[in-house]
Amino acid sequence: MDVDPRTELSEFLRSRRARLSPDDVGLPRYGRTRRVPGLRREELAQLAGVSVAYYTRLEQGNGRNVSDEVLDSIARALQLNEAEQTHLRNLTACPYDNKKKKKTSRGVRPALKHLLDNVGVPAYIGGRRSDVLAWNPMAAALFGDWAELEPRERNWARFIFLQPSYQELFVNWESKAADVVGFLRMDAGCYPNDPELTALIGELSVKSELFRQLWAKHDVKEKSFGTKMLRHPLVGEMTLAYETLRMPSEPDLFFTTYHAEPGTPSAEALQLLASWGKDATRSGESVKNRT
(Lines give C-alpha, C1' and ligand atoms only; values in the text may rest on other atoms or scores of the structure.)
Protein backbone atom coordinates (compact mmCIF):
# COMPACT_ATOMS: atom_id res chain seq x y z
CA MET A 1 0.00 0.00 0.00
CA ASP A 2 2.30 2.76 -1.27
CA VAL A 3 1.88 6.36 -0.13
CA ASP A 4 1.83 8.27 -3.41
CA PRO A 5 2.30 12.04 -2.85
CA ARG A 6 0.24 12.98 -5.90
CA THR A 7 -2.66 10.80 -4.79
CA GLU A 8 -2.36 12.09 -1.24
CA LEU A 9 -2.56 15.71 -2.40
CA SER A 10 -5.48 15.01 -4.72
CA GLU A 11 -7.54 13.08 -2.18
CA PHE A 12 -6.76 15.51 0.64
CA LEU A 13 -8.01 18.51 -1.36
CA ARG A 14 -11.09 16.63 -2.53
CA SER A 15 -11.94 15.57 1.03
CA ARG A 16 -11.57 19.12 2.39
CA ARG A 17 -13.68 20.56 -0.45
CA ALA A 18 -16.38 17.94 0.09
CA ARG A 19 -16.95 18.95 3.70
CA LEU A 20 -17.87 22.56 2.78
CA SER A 21 -21.21 23.78 1.46
CA PRO A 22 -22.06 27.10 -0.24
CA ASP A 23 -23.70 28.20 3.00
CA ASP A 24 -20.41 27.64 4.87
CA VAL A 25 -18.57 30.11 2.65
CA GLY A 26 -21.33 32.61 1.90
CA LEU A 27 -22.06 31.56 -1.68
CA PRO A 28 -25.61 31.50 -3.08
CA ARG A 29 -27.18 28.20 -4.07
CA TYR A 30 -28.05 28.31 -7.74
CA GLY A 31 -27.50 26.35 -10.90
CA ARG A 32 -27.89 22.65 -11.48
CA THR A 33 -28.79 20.21 -8.73
CA ARG A 34 -25.81 19.05 -6.69
CA ARG A 35 -25.22 15.34 -7.06
CA VAL A 36 -22.39 15.20 -4.54
CA PRO A 37 -21.85 17.08 -1.27
CA GLY A 38 -19.44 19.96 -0.99
CA LEU A 39 -18.29 22.86 -3.07
CA ARG A 40 -17.68 22.55 -6.79
CA ARG A 41 -14.19 23.10 -8.11
CA GLU A 42 -15.16 26.35 -9.79
CA GLU A 43 -16.59 27.65 -6.53
CA LEU A 44 -13.43 26.81 -4.62
CA ALA A 45 -11.29 28.40 -7.34
CA GLN A 46 -13.41 31.55 -7.12
CA LEU A 47 -12.97 31.74 -3.35
CA ALA A 48 -9.21 31.19 -3.63
CA GLY A 49 -8.78 33.72 -6.44
CA VAL A 50 -7.23 31.27 -8.91
CA SER A 51 -8.38 29.94 -12.25
CA VAL A 52 -10.46 26.79 -12.41
CA ALA A 53 -7.82 25.16 -14.62
CA TYR A 54 -5.06 25.97 -12.11
CA TYR A 55 -6.99 24.59 -9.16
CA THR A 56 -8.00 21.51 -11.16
CA ARG A 57 -4.35 20.72 -11.90
CA LEU A 58 -3.56 21.08 -8.20
CA GLU A 59 -6.42 18.83 -7.17
CA GLN A 60 -5.23 16.26 -9.71
CA GLY A 61 -2.01 16.03 -7.72
CA ASN A 62 0.25 18.44 -9.60
CA GLY A 63 1.67 20.41 -6.70
CA ARG A 64 4.94 21.50 -8.23
CA ASN A 65 6.00 25.14 -8.00
CA VAL A 66 2.92 26.34 -6.12
CA SER A 67 3.61 29.69 -4.46
CA ASP A 68 3.06 30.30 -0.75
CA GLU A 69 0.50 32.96 -1.61
CA VAL A 70 -1.61 30.52 -3.61
CA LEU A 71 -1.39 27.88 -0.90
CA ASP A 72 -2.47 30.44 1.69
CA SER A 73 -5.45 31.44 -0.46
CA ILE A 74 -6.51 27.83 -0.99
CA ALA A 75 -6.07 27.06 2.72
CA ARG A 76 -8.32 30.00 3.62
CA ALA A 77 -10.92 28.99 1.05
CA LEU A 78 -10.95 25.42 2.40
CA GLN A 79 -11.02 26.69 5.99
CA LEU A 80 -8.06 24.50 6.93
CA ASN A 81 -6.88 24.37 10.52
CA GLU A 82 -3.22 24.75 11.42
CA ALA A 83 -2.41 21.05 11.15
CA GLU A 84 -4.16 20.81 7.78
CA GLN A 85 -2.25 23.83 6.47
CA THR A 86 1.02 22.19 7.48
CA HIS A 87 -0.05 18.95 5.80
CA LEU A 88 -0.94 20.79 2.58
CA ARG A 89 2.49 22.44 2.48
CA ASN A 90 4.19 19.11 3.13
CA LEU A 91 2.30 17.50 0.26
CA THR A 92 3.10 20.24 -2.23
CA ALA A 93 6.75 20.49 -1.16
CA CYS A 94 7.34 16.74 -1.36
CA PRO A 95 10.15 15.73 -3.78
CA TYR A 96 8.04 13.42 -5.95
CA ASP A 97 11.00 12.02 -7.82
CA ASN A 98 12.98 11.16 -4.70
CA LYS A 99 12.84 7.40 -4.37
CA LYS A 100 15.57 7.05 -1.77
CA LYS A 101 14.61 4.95 1.21
CA LYS A 102 15.64 7.14 4.08
CA LYS A 103 16.05 5.11 7.24
CA THR A 104 15.59 6.53 10.70
CA SER A 105 17.47 5.59 13.82
CA ARG A 106 15.63 4.09 16.76
CA GLY A 107 18.36 5.29 19.12
CA VAL A 108 17.86 7.89 21.86
CA ARG A 109 20.70 9.96 23.28
CA PRO A 110 21.83 8.88 26.79
CA ALA A 111 21.09 12.37 28.12
CA LEU A 112 17.46 12.07 27.03
CA LYS A 113 17.18 8.65 28.67
CA HIS A 114 18.61 10.12 31.85
CA LEU A 115 16.02 12.90 31.68
CA LEU A 116 13.25 10.32 31.27
CA ASP A 117 14.36 8.43 34.36
CA ASN A 118 14.31 11.60 36.44
CA VAL A 119 10.87 12.84 35.39
CA GLY A 120 8.40 12.14 38.19
CA VAL A 121 5.46 11.38 35.88
CA PRO A 122 4.84 8.84 33.10
CA ALA A 123 6.93 9.93 30.11
CA TYR A 124 8.22 8.46 26.88
CA ILE A 125 10.11 9.48 23.76
CA GLY A 126 8.45 8.77 20.44
CA GLY A 127 9.58 9.02 16.87
CA ARG A 128 8.33 8.91 13.33
CA ARG A 129 5.35 6.62 12.64
CA SER A 130 4.36 6.99 16.34
CA ASP A 131 7.10 4.56 17.36
CA VAL A 132 7.92 4.38 21.08
CA LEU A 133 11.71 4.60 21.46
CA ALA A 134 12.30 5.02 25.21
CA TRP A 135 10.22 5.36 28.38
CA ASN A 136 10.49 5.59 32.15
CA PRO A 137 9.20 3.14 34.81
CA MET A 138 6.05 5.18 35.44
CA ALA A 139 5.14 4.96 31.75
CA ALA A 140 5.57 1.19 32.00
CA ALA A 141 3.29 1.20 35.06
CA LEU A 142 0.64 3.17 33.18
CA PHE A 143 0.76 1.64 29.71
CA GLY A 144 2.42 -1.75 30.24
CA ASP A 145 5.99 -3.00 30.07
CA TRP A 146 6.96 -2.20 26.48
CA ALA A 147 10.32 -3.92 27.07
CA GLU A 148 8.52 -7.23 26.63
CA LEU A 149 7.72 -6.33 23.00
CA GLU A 150 9.91 -6.48 19.93
CA PRO A 151 11.10 -3.00 18.83
CA ARG A 152 8.82 -2.94 15.74
CA GLU A 153 5.82 -3.70 17.96
CA ARG A 154 6.47 -0.66 20.18
CA ASN A 155 4.22 1.56 18.16
CA TRP A 156 1.07 3.47 19.15
CA ALA A 157 -0.81 2.52 16.00
CA ARG A 158 -0.20 -1.18 16.67
CA PHE A 159 -1.12 -0.71 20.34
CA ILE A 160 -4.40 1.00 19.60
CA PHE A 161 -5.63 -1.03 16.64
CA LEU A 162 -4.15 -4.47 17.29
CA GLN A 163 -4.07 -4.88 21.08
CA PRO A 164 -7.48 -5.23 22.81
CA SER A 165 -6.03 -4.21 26.18
CA TYR A 166 -5.58 -0.65 24.91
CA GLN A 167 -9.23 -0.50 23.90
CA GLU A 168 -10.00 -1.09 27.56
CA LEU A 169 -7.30 1.27 28.83
CA PHE A 170 -8.54 4.36 26.95
CA VAL A 171 -12.09 5.22 27.96
CA ASN A 172 -12.69 7.09 24.69
CA TRP A 173 -10.75 4.65 22.58
CA GLU A 174 -12.23 5.85 19.29
CA SER A 175 -10.90 9.38 19.94
CA LYS A 176 -7.42 8.03 20.63
CA ALA A 177 -7.62 5.92 17.47
CA ALA A 178 -8.53 8.99 15.39
CA ASP A 179 -5.60 10.91 16.91
CA VAL A 180 -3.14 8.18 16.00
CA VAL A 181 -4.37 8.01 12.41
CA GLY A 182 -4.07 11.80 12.18
CA PHE A 183 -0.45 11.57 13.34
CA LEU A 184 0.32 8.93 10.72
CA ARG A 185 -1.26 11.09 8.00
CA MET A 186 1.04 13.96 8.95
CA ASP A 187 4.03 11.62 8.71
CA ALA A 188 2.85 10.34 5.33
CA GLY A 189 2.83 13.90 4.02
CA CYS A 190 6.39 14.52 5.24
CA TYR A 191 7.91 11.14 4.38
CA PRO A 192 5.95 9.44 1.58
CA ASN A 193 8.91 7.20 0.69
CA ASP A 194 9.35 5.76 4.19
CA PRO A 195 9.11 1.98 3.64
CA GLU A 196 8.38 1.25 7.32
CA LEU A 197 5.48 3.71 7.28
CA THR A 198 4.14 2.18 4.08
CA ALA A 199 4.35 -1.30 5.62
CA LEU A 200 2.61 -0.14 8.80
CA ILE A 201 -0.27 1.47 6.90
CA GLY A 202 -0.67 -1.65 4.80
CA GLU A 203 -0.67 -3.95 7.84
CA LEU A 204 -3.25 -1.88 9.71
CA SER A 205 -5.44 -1.56 6.63
CA VAL A 206 -5.61 -5.34 6.36
CA LYS A 207 -6.17 -6.01 10.06
CA SER A 208 -8.47 -3.19 11.18
CA GLU A 209 -11.74 -2.03 9.61
CA LEU A 210 -11.75 1.07 11.83
CA PHE A 211 -8.28 2.03 10.65
CA ARG A 212 -9.42 1.78 7.02
CA GLN A 213 -12.40 4.01 7.75
CA LEU A 214 -10.33 6.64 9.58
CA TRP A 215 -7.54 6.59 6.99
CA ALA A 216 -10.04 7.27 4.22
CA LYS A 217 -11.12 10.52 5.92
CA HIS A 218 -7.72 12.18 5.35
CA ASP A 219 -7.87 13.93 8.73
CA VAL A 220 -4.55 15.11 10.13
CA LYS A 221 -3.43 16.03 13.64
CA GLU A 222 -0.31 17.48 15.24
CA LYS A 223 1.06 16.01 18.45
CA SER A 224 0.39 18.66 21.09
CA PHE A 225 -1.48 18.59 24.41
CA GLY A 226 -4.83 17.65 25.90
CA THR A 227 -6.47 15.28 28.37
CA LYS A 228 -7.29 11.59 28.25
CA MET A 229 -9.37 9.42 30.55
CA LEU A 230 -7.84 6.04 31.24
CA ARG A 231 -9.22 2.97 32.99
CA HIS A 232 -6.27 1.12 34.50
CA PRO A 233 -6.89 -2.47 35.60
CA LEU A 234 -5.23 -1.82 38.99
CA VAL A 235 -6.34 1.68 40.05
CA GLY A 236 -9.42 2.35 37.94
CA GLU A 237 -10.28 5.55 36.07
CA MET A 238 -7.90 8.50 35.88
CA THR A 239 -8.10 11.82 34.08
CA LEU A 240 -4.61 12.73 32.90
CA ALA A 241 -3.26 15.71 31.00
CA TYR A 242 -0.58 15.12 28.39
CA GLU A 243 2.01 17.44 26.90
CA THR A 244 4.11 16.75 23.80
CA LEU A 245 7.36 18.59 23.07
CA ARG A 246 9.47 18.19 19.95
CA MET A 247 13.25 17.99 20.24
CA PRO A 248 14.66 21.12 18.49
CA SER A 249 17.81 19.34 17.31
CA GLU A 250 15.95 16.12 16.40
CA PRO A 251 12.56 17.13 14.94
CA ASP A 252 11.52 13.51 14.36
CA LEU A 253 11.57 12.91 18.13
CA PHE A 254 8.98 14.06 20.63
CA PHE A 255 8.87 13.94 24.43
CA THR A 256 5.45 13.16 25.93
CA THR A 257 4.42 13.33 29.59
CA TYR A 258 1.20 12.44 31.39
CA HIS A 259 0.28 14.05 34.70
CA ALA A 260 -2.69 14.55 37.01
CA GLU A 261 -3.91 17.64 38.80
CA PRO A 262 -2.40 17.67 42.32
CA GLY A 263 -4.71 16.58 45.11
CA THR A 264 -7.11 14.69 42.88
CA PRO A 265 -7.98 10.98 42.96
CA SER A 266 -6.12 10.67 39.65
CA ALA A 267 -2.94 12.00 41.28
CA GLU A 268 -3.32 9.47 44.08
CA ALA A 269 -3.79 6.72 41.51
CA LEU A 270 -0.57 7.73 39.73
CA GLN A 271 1.32 7.62 43.03
CA LEU A 272 0.01 4.11 43.63
CA LEU A 273 1.12 3.04 40.17
CA ALA A 274 4.56 4.50 40.81
CA SER A 275 4.90 2.30 43.87
CA TRP A 276 4.08 -0.78 41.78
CA GLY A 277 6.43 0.17 38.95
CA LYS A 278 6.39 -1.76 35.70
CA ASP A 279 4.56 -4.66 37.37
CA ALA A 280 1.44 -2.50 37.82
CA THR A 281 -0.29 -3.57 34.62
CA ARG A 282 0.56 -7.22 35.10
CA SER A 283 -0.69 -7.12 38.68
CA GLY A 284 -3.82 -5.30 37.59
CA GLU A 285 -4.58 -7.97 35.02
CA SER A 286 -4.26 -10.60 37.77
CA VAL A 287 -6.71 -8.69 39.95
CA LYS A 288 -9.16 -8.32 37.05
CA ASN A 289 -8.93 -12.01 36.19
CA ARG A 290 -9.81 -13.00 39.77
CA THR A 291 -12.97 -10.87 39.85
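Heads up: numbering here begins at 1 and tracks the sequence. Excluded from the calculations below are hydrogen atoms, water molecules and symmetry mates; all remaining heavy atoms, backbone and side chain alike, are included.
- Remark: Lys228 NZ is packed, more than 12 non-hydrogen atoms of other residues, nucleotides or ligands lying under 6.0 Å away.
- Annotation: side chain of Leu253 is not in contact with side chain of Arg246 (no heavy-atom distance under 4.5 Å).
- We find the NE2-CG distance between His232 and Leu270 to be 9.5 Å, quoted to the nearest 0.5 Å.
- Using a distance-only test at 3.5 Å, with no hydrogens or angles considered, a donor-acceptor pair links the side chain of Asn136 to the main chain of Val121.
- Looking at residues two or more places apart in sequence or on another chain, you find a ring-ring contact (aromatic ring centres under 6.0 Å, His included) between Phe159 and Trp146, Trp156, Tyr166.
- In terms of hydrophobic clustering, with Ile, Leu, Val, Met, Phe, Trp and Tyr side chains grouped at heavy-atom distances under 4.5 Å, Val66 and Leu78 are assigned to a common cluster.
- In this structure a side-chain-to-backbone donor-acceptor pair under 3.5 Å is present from Asn155 to Ala157.
- Here the rule is salt bridge (Lys or Arg N to Asp or Glu O under 4.0 Å) with Glu196, and of Arg129, Arg158, Arg152 only Arg129 fits it.
- Residues passing the salt bridge (charged side-chain N to carboxylate O under 4.0 Å, His left out) test with Arg231, sequence neighbours excluded: Glu237.
- A salt bridge links Arg128 with Asp252; the closest basic N to acidic carboxylate O contact falls under 4.0 Å.
- By the 4.5 Å side-chain criterion applied to Ile, Leu, Val, Met, Phe, Trp and Tyr, Phe225 is assigned to no cluster and stands alone.
- A salt bridge between Glu209 and Arg212 is present, with a side-chain N of the basic residue lying under 4.0 Å from a carboxylate O of the acidic one.
- Taken from CG in Leu162 to CD in Glu203, the straight-line distance is 5.5 Å, to the nearest 0.5 Å.
- Asp145 contributes no side-chain N or O that, together with a main-chain N or O of Ala141, makes up a donor-acceptor pair within less than 3.5 Å.
- Put simply, CG on Leu204 and CG on Leu184 are 7.0 Å apart, with the number rounded to the nearest 0.5 Å.
- Checking side-chain atoms of Ser275 against main-chain N and O of Leu272 turns up a donor-acceptor pair under 3.5 Å.
- For Asn65, the CG atom counts as loosely surrounded, since its 6.0 Å shell holds 12 or fewer non-hydrogen atoms of other residues, nucleotides or ligands.
- For Tyr55, the ring-ring contact (aromatic ring centres under 6.0 Å, His included) test picks out no residue, with sequence neighbours left out.
- Partners of Arg109 according to the salt bridge (charged side-chain N to carboxylate O under 4.0 Å, His left out) rule, which considers only residues two or more places apart in sequence or in another chain, are Glu250.
- Counting all heavy atoms, side chain and backbone alike, Ala134 lies closest to Val108 at CB-CG2, 4.1 Å.
- Of all non-hydrogen atoms in Thr198 and Pro192, the two that sit nearest each other are OG1-O, 4.2 Å.
- Note on Arg154 versus Asp131: no salt bridge recorded, every NZ/NE/NH1/NH2 to OD/OE distance being 4.0 Å or above.
- Taking the side chain as every heavy atom from C-beta outward, Arg16 and Arg19 approach each other to under 4.5 Å.
- In this structure, Tyr258 and Tyr124 have side chains that are in contact, with non-hydrogen atoms separated by less than 4.5 Å.
- Between the side chain of Ser10 and the main chain of Glu59, a donor-acceptor pair closer than 3.5 Å is present.
- Scanning both residues, Ala77 and Val25, for their nearest heavy atoms gives O-CG1, 4.2 Å.
- A donor-acceptor pair under 3.5 Å is absent between the side-chain atoms of His259 and the main chain of Gly120, judged by distance alone.
- When every heavy atom of Pro262 is checked against every heavy atom of Ala267, the shortest pair comes out as CA-CB, 4.3 Å.
- A donor-acceptor pair is defined here as one N or O able to donate and one able to accept, closer than 3.5 Å; such a pair exists between the side chain of Glu43 and the backbone of Arg40.
- No more than 12 heavy atoms of other residues, nucleotides or ligands shown are found within 6.0 angstrom of CD on Glu82.
- When side chains are defined from C-beta on, Asn62 does not count as touching Leu9, because their heavy atoms never get closer than 4.5 Å.
- Asp194 places no side-chain N or O within 3.5 Å of a backbone atom of Tyr191 that could act as its donor or acceptor partner.
- Within the 3.5 Å criterion, the main-chain N or O of Ala241 finds no donor-acceptor partner in the side chain of Thr227.
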Ser224 and Thr244: CA distance, side-chain angles, deciding distance, side chain to side chain contact (heavy atoms under 4.5 Å, CB included) verdict: CA-CA 5 Å; Ser224 55; Thr244 303; 5.7 Å; no
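- Salt bridge absent: Asp4 and Arg6 never bring a charged side-chain N and a carboxylate O closer than 4.0 Å.
- Between the CG atom in Leu39 and the CG atom in Leu44 there is a gap of 6.0 Å [rounded to 0.5 Å].
- Between Val181 and Asp219, the closest side-chain pair of non-hydrogen atoms is not below 4.5 Å.
- Other residues sharing the hydrophobic cluster of Val220, ordered by chain and number and joined by side-chain separations under 4.5 Å: Met186.
- In terms of heavy-atom proximity, Ala147 sits nearest to Trp135 at N-CZ2, 3.2 Å.
- Between Met229 and Met238 there is no side-chain heavy-atom pair separated by less than 4.5 Å.
- Taking 4.0 Å as the cut-off between side-chain N and carboxylate O, Asp179 and Lys223 do not count as a salt-bridged pair.
- In this structure, the side chains of Phe12 and Glu84 come closer than 4.5 Å at one or more pairs of heavy atoms.
- His87 is listed as a side-chain neighbour of Leu91, based on a closest heavy-atom distance under 4.5 Å.
- Heavy atoms of other residues, nucleotides or ligands lying less than 6.0 angstrom from CD of Glu261 number 12 at most.
- The structure places CE of Met138 at 12.5 Å from CG of Leu116, a figure rounded to the nearest 0.5 Å.
- Gly127 and Phe254 get closest at one heavy-atom pair: O-CE2, 3.3 Å.
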